[in-house]
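Here's the structure we're looking at; comments come further down.
Since the structure is predicted, the reported quantities are computational estimates derived from the model, not experimental observations. Side-chain atoms are counted along with the backbone in the values below, which use heavy atoms only and exclude waters and symmetry mates.
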Amino acid sequence: MTAPAASAAAFAPAAVAAAPVPLTPVFVRLKLSLLRNGLKGSSKRKAVWITTLVFALVVAFFTTLGLALLHGHAHAGTVVVLLAAILALSWTFMPLFFPTGDETLDPSRLVMLPLRPRPLVRALLASSLVGIGPLFTLCLAAGSVIAVARGAAGAVAAVVGAPLLLLGCVTLARAVATANVRLLSSRKGRDLALLSGLLIAVGAQVANFASQRLFESGGLSRLEPAEAVVRWLPPATAVGMVDSVSRGSYGVAAAQLALTLGALALLMWFWERSLTKLMVTPDGSTIAASAPVKERGAGGVWSLLPEGRTGAAVQRTLRYAVRDPKTKSAWVSALAIGMIIPVFNALQGSGSLYLACFGAGMLGVQMYNQFGQDTSAFWMVAQTISTPRDAYIELRARALALGLVAVPYTVLVTAVTAALLGDWDTFPAALGLAIALVGAMMCTGALASARFPYSIPTEGAFKNVAPGQAGLAWLGIFGGMAVSALICAPVIALTVYLNVADHHDLTWALLPLGVAWGALATWAGLRLAAPTVARKLPEILHAVNKG
C-alpha cells in the first residue's frame, strides 16, 4: 500500500471502528502534557510549582504520620471516619468555588469530539487521579486506614479501603462538577453558585463552633454519635469498613463495602448521564439577548470620582467587582467570610476585637493579581502604560477603588464586633491595626501583581488559575501575606507593649498611627511596583493572557 493510501486508510471511519484508540491513556498523557506545558518558558514558574509540590508532600507526610500514630487509640476510628467525610465534602465543593488549574475539569470543552460517554468517564476519572490533590488525598487515606487497621484481615481491608476512599472523593467531585458546568457557565448561574458558596462558608463556621462546644464539653467521646452515622455514609464507609474488619465485625464490614461500591457505581452512572446530557443538549447561555442594551452615563455616584485616568480606572475596577462573575465571587466571599469569623467568635463569647483584622486581610487579598483580574482586556490597559508614572497612576487608582470599600468595611466589622463584645476601649487600637494591615496588603499586593501575575481564564466555569500557574498564585498570595505581617510588625509590637504595660490610656494613639502607617505602606508599595510594571509589561501581558 502506498503512503497516501495508508494515510487515507488510517483516517477512514471503518479503520477507526475496527481499531479504536483507548481513551484512558490518551487523557492521562493529555493531563501530564497540560501540566508539563504549563511550566514551559519560565524557570520561576517551575520553581514555584516544585516548591508547592514539596510543601504539599511535607504536609501530607506529617499528617499521615500523625494519623498513623493514632493506631491503637480508643477514638482513632472516630477521628479518621469523620476526616474521610470532611475529605469528601472538600472534594465536592472546592473544585467549584476555589482556584484550580485543571483543564479537564470542564467537560463542555469536549462536546465537539466524537466520544462515547462511558469510555470518556473512565478516561476523565483516570486523568483526575493525576495531580497534587489526589496524591495528598491518597496520603491522608493511607494514614486513616493505618490508624484503624489491626491484624491480617485489617491490613487486607486497608489495601482496599484507601483506594476506594480516593476514588469515591474524585468521582463525587467529577459528578457534581459535570452536573453544574452549564449552570456555572452563565452569569446568573455563577451568581447562584456564589450564593451556594457563601452558604457553605456559613455552614462551615457553624460546624466549627459546634465542634468547639463538643470538645469543650466532653472531648472526642462526644463525637461518637456523629461518627456512628457518618461511618454509614459513602465514601467514609471505606474507612469504616477497615475499622469494622479490625474489630471482627465482618458482617458490618461487608455491608459497608457494599455501600461503598454501590455508591461509587451510582456516582459513575450519574456522571455518565450528566455527561451525555451535556454533550447532546444545546447551550442556552449562548443565545443572544433580544432586549436592547441601554447606555448608561457616568453620572450619579461616578461623578464624585476624580477626572481623568484615575476616575476611569476606579470606575472600571468597581464595575468589574459588580459585573464579572469571578471578580464578584472573590469580593462577596471576602466580604461575607471577613464578617462571619469575628462576629461568630464574638457571639460565642470567646472572640477578640483584634479578629476584625481577619476581615481587613480578606479584602486586602483582592489587591493581589490586579492585572490578571482584567483577563484578556488588560492589553487595552497596557497600551496606555509606557512610563513608571503611567503604571503608578494605574496602580494608585486600583488601590483607591479597593480602599473605598475596604476602609468603611473595616470600620463596620470592627464596630459590630466591639458592640457584640462590649469592648469599646479596644476599638481605636483594633481599628488602627486593621487599617494598617489593609495598607500593608495593598503594598504587597501591588508588588505581587507586578512580579507574580497569573492568568484567570474566562472560558472555564471552574478555573481561576491557568494550568502551571497555581503555585505562582499561591506563592504570591501567601508570600505577600507573610511580608504584610512583617510590615505591620512595628504597629503590632507597639499594640502588644501598650497592653502588656497597662498603658491602656494611650492605645487611642494607635488609630491615627495605624492610618498613617497604612497610607505610607500603600504609597511605598505603589512607588516600588510602578517601575517593575513599566519594565516587565510584556512579561505581565504574556502571563495574564496565558489562560
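To the nearest 0.5 angstrom, I337 atom CD1 is 11.0 Å from L363 atom CG. T260 OG1 to L167 CG: the interatomic distance, rounded to the nearest 0.5 Å, is 11.0 Å. We find the CG-CG distance between L125 and L120 to be 11.0 Å, quoted to the nearest 0.5 Å. Here the CG-OG1 distance, from L124 to T24, works out to 9.0 Å after rounding to the nearest 0.5 Å. With values rounded to the nearest 0.5 angstrom, T417 atom OG1 is found 6.0 Å from L353 atom CG. For the atom pair CG (L261) and CG (L164), the distance works out to 5.5 Å, reported to the nearest 0.5 Å.
Within the 4.5 Å cutoff, no side-chain heavy atoms of K31 are placed close to those of F27. Using a 4.5 Å heavy-atom threshold, the side chains of P134 and L138 count as separate. Between V145 and L165, the closest side-chain pair of non-hydrogen atoms is not below 4.5 Å. Looking at L402 and W331, their side chains come closer than 4.5 Å, going by heavy atoms from C-beta outward. Side chains of M268 and V121 form a contact here, defined as non-hydrogen atoms less than 4.5 Å apart. Between L433 and L510, the closest side-chain pair of non-hydrogen atoms is not below 4.5 Å. Here the side chains of I477 and N369 are not in contact, with every heavy-atom distance at 4.5 Å or above. Side chains of H504 and L498 form no contact here, defined as non-hydrogen atoms less than 4.5 Å apart.
A pairwise comparison of heavy atoms in P117 and L275 identifies O-CD2, 4.0 Å as the closest pair. Residues L437 and C357 share a closest heavy-atom pair of CD2-O, 3.4 Å. Across A68 and I146, no two heavy atoms sit closer than the pair CB-CG2, 3.9 Å. Scanning both residues, T410 and A434, for their nearest heavy atoms gives CG2-CB, 3.4 Å. Contact record, F136 with A56: CD1-O, 3.7 Å, taken as the closest heavy-atom pair. Nearest heavy atoms, L420 versus A346: CB-CB, 3.8 Å.
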**Prompt:** Step by step, would you call L135 with L57 a side-chain contact (heavy atoms from CB on, under 4.5 Å)?
**Reply:** CA-CA 8 Å; L135 178 61; L57 291 177; 3.4 Å; yes
**Item:** Criterion side-chain contact (heavy atoms from CB on, under 4.5 Å) on D425 and D423, from CA distance to verdict
**Value:** CA-CA 5 Å; D425 293 336; D423 187 10; 4.2 Å; yes
**Request:** Walk me through it: do V365 and M441 pass the test side-chain contact (heavy atoms from CB on, under 4.5 Å)?
**Result:** CA-CA 7 Å; V365 171; M441 296 195 73; 3.7 Å; yes
**Asked** Given V252 and W232, is the side-chain contact (heavy atoms from CB on, under 4.5 Å) satisfied, shown in steps?
**Response** CA-CA 10 Å; V252 174; W232 290 99; 3.6 Å; yes
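For the pair Q256 (side chain) and P234 (backbone), a donor-acceptor distance under 3.5 Å is absent. Put simply, the side chain of W517 gets close to the backbone of I487: a donor and an acceptor are under 3.5 Å apart. With hydrogens and angles ignored, the 3.5 Å screen pairs a side-chain donor or acceptor of T64 with a backbone N or O of C139. With hydrogens and angles disregarded, a donor-acceptor distance shorter than 3.5 Å links the side chain of Y409 to the backbone of L335. Distance alone, capped at 3.5 Å, places no donor-acceptor pair between the E227 side chain and the H75 backbone. Judged purely by atom type and a 3.5 angstrom limit, Y497 has no side-chain atom pairing as donor or acceptor with the backbone of H503. With hydrogens and angles ignored, the 3.5 Å screen pairs no side-chain donor or acceptor of T414 with any backbone N or O of F427.
Shown here are the salt bridge (Lys or Arg N to Asp or Glu O under 4.0 Å) partners of R247, two or more places apart in sequence or in another chain: D243.
Counting heavy-atom neighbours within 6.0 Å of M339 CE, excluding the residue itself, gives a total above 12. No more than 12 heavy atoms of other residues, nucleotides or ligands lie within 6.0 Å of CZ in R273, so this atom counts as exposed by the packing criterion.
Put simply, the residue from T63, L166, V80 that forms a side chain to side chain contact (heavy atoms under 4.5 Å, CB included) with L140 is T63. Of the options T137, V176, T171, a side chain to side chain contact (heavy atoms under 4.5 Å, CB included) to W91 is made by T137 and by none of the others.
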